[in-house]
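Structure first, commentary second.
Reminder, nothing fancy here: chain letters follow the sequence lines and each chain counts from 1. Heavy atoms only: backbone and side chains are in, while hydrogens, waters and symmetry mates are out. Remember, predicted model here, so these are calculated numbers, not experimental data.
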2 protein chains.
Amino acid sequence: MSLHSPVDLTKNQTLVYGALADAQGPLSAYTILDRLRDDGFRAPLQVYRALEKLLEFGMVHRLESLNAFVACRHPDCGEHETIAFTICEQCGKVAEIADDRLMEHLDTLARVDAFQPRKTTVELRGICASCQ
Amino acid sequence: MSLHSPVDLTKNQTLVYGALADAQGPLSAYTILDRLRDDGFRAPLQVYRALEKLLEFGMVHRLESLNAFVACRHPDCGEHETIAFTICEQCGKVAEIADDRLMEHLDTLARVDAFQPRKTTVELRGICASCQ
DNA sequence: TGTCACATGTTATATCATTACGCAATTATG
DNA sequence: CATAATTGCGTAATGATATAACATGTGACA
């Protein structure tokens with residue numbers, strides 16, 4: 001049981017996670033599908049079902065503003081419910097920012113309205129350091 | 001020229017904004033289309049083109065995690081580039097949170113990585129006060 | 001062995017968004 | 001005024017993202 005495999009992944013989950021881990025940046029579900037054709041993938045649902053589990057395990061993140069997915073690169077991300085992303089609109093590079101104080105800040109804002117957050121999305125789209 | 005119309009809206013923009021302003025919560029582009037059939041709307045593009053302008057004017061926000069749109073209800077939202085949203089997964093209600101310190105916090109986090117944010121998405125999905 | 005939970009395979013369909021093309025209205029300007 | 005440029009509009013087609021519905025396989029285990 002490796003650090004990134006708190007559970008044993010099924011064949012399809014392993015393939016999908018592998019595709020994301022190999023990728024430079026985020027991939028759409030259909031891109032993953034195309035890359036796994038040779039491994040026997042035939043339908044979107046094979047990808048979406050694996051992604052659903054991987055998201056549940058915290059091994060993959062969904063980028064809402066891109067409708068795409070990335071493998072989690074942050075070692076201890078299991079400890080951060082809230083993860084912020086920077087997304088470079090030039091080169092497509094995605095970075096994770098895990099910041100406890102940001103999470104607290106968002107919690108505080110939610111508390112003002114008595115709102116109980118279940119899943120928080122923070123995505124900064126712009127230009128990364130390398131592309132300036 | 002009303003408070004909410006810093007520019008003169010075209011007929012289609014007015015109709016789309018009206019549909020969103022009348023709605024209780026966020027609407028998808030296709031829901032807007034359906035509601036404007038009687039006003040002569042026939043194709044998605046009529047909605048998307050109007051939305052594009054309304055987003056530009058700051059009169060409408062896009063909720064990335066829902067692929068849906070809401071009329072801006074925050075009077076001075078033009079002064080806040082970053083707006084956070086709470087989205088109730090029970091009743092669908094959406095509220096805007098404009099908080100300058102949150103914006104500064106995000107700017108600070110971005111600066112660490114020399115990232116230049118252009119558009120920031122903050123969406124808290126969970127349960128609102130009324131639904132608990 | 002039976003059955004339960006879970007993963008998978010397949011087809012079809014639903015939902016969200018854009019491309020491409022042509023025309024009409026408006027406006028800037030020589 | 002003429003006309004070029006810009007902007008908005010209408011329509012058809014297509015592309016991109018995601019799920020529903022139903023059938024089959026597979027391993028755990030009472």
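- For A:A43, taking side-chain heavy atoms from C-beta onward, the closest of the listed nucleotides D:dG10, C:dC16, C:dT11 is C:dT11.
- The listed nucleotides are C:dC16, C:dT10, D:dA12; the one nearest the side chain of B:Y48 is C:dC16.
- Between B:T120 and A:L124, the closest heavy-atom pair is OG1-CG, 3.9 Å.
- For the atom pair CG of B:D99 and OG1 of A:T108, the computed distance is 9.5 Å after rounding to the nearest 0.5 Å.
- Remark: P of D:dT17 and CG of A:L27 are 11 Å apart, rounded to the nearest angstrom.
- Separating the NZ atom of A:K11 from the C1' atom of C:dA7 is a distance of 11 Å, rounded to the nearest angstrom.
- With rounding to the nearest 0.5 angstrom, the CG atom of B:L106 is 12.0 Å from the CD atom of A:E123.
- For B:N67 and A:Q46, each mapped to the nucleotide of DNA chain C holding its nearest heavy atom, the one lying further toward the 5' end belongs to A:Q46.
- A:C91 and A:C88 make their closest contact through N-SG, 3.4 Å (heavy atoms, listed as atom of the first residue, atom of the second, distance).
- For a distance-only test at 3.5 Å, the side chain of B:Y30 fails to qualify as a donor-acceptor partner of the base of C:dA14.
- Nearest nucleotide to the side chain of B:R49, out of D:dC22, D:dG10, C:dA7: D:dG10.
- For B:D39 and D:dG10, the CG to P distance is 11 Å, given to the nearest whole Å.
- Going from atom CD of B:Q13 over to atom C1' of C:dA25 covers 14 Å, rounded to whole Å.
- For B:K53, the side-chain atoms get nearest to D:dG8 when compared with the rest of C:dT11, C:dT18, D:dG8.
- Distance CG (A:L15) to P (C:dA7): 15 Å, rounded to an integer number of Å.
- The phosphate of C:dA7 (OP1 or OP2) has no side-chain N or O of A:T10 nearer than 4.0 angstrom.
- Listed candidates were D:dA20, C:dT8, C:dT19. Nearest to the side chain of B:L45 is C:dT19.
- Between B:L66 atom CG and D:dA18 atom C1' there is a gap of 14 Å when expressed in whole angstrom units.
- How far CD of A:Q13 is from CZ of A:R49: 11.0 Å, rounded to the nearest 0.5 Å.
- Atom CG of B:L9 is separated from atom P of D:dT7 by 16 Å (rounded to the nearest Å).
- Atom P of nucleotide D:dA16 and atom CD1 of A:I32 are separated by 16 Å, given to the nearest angstrom.
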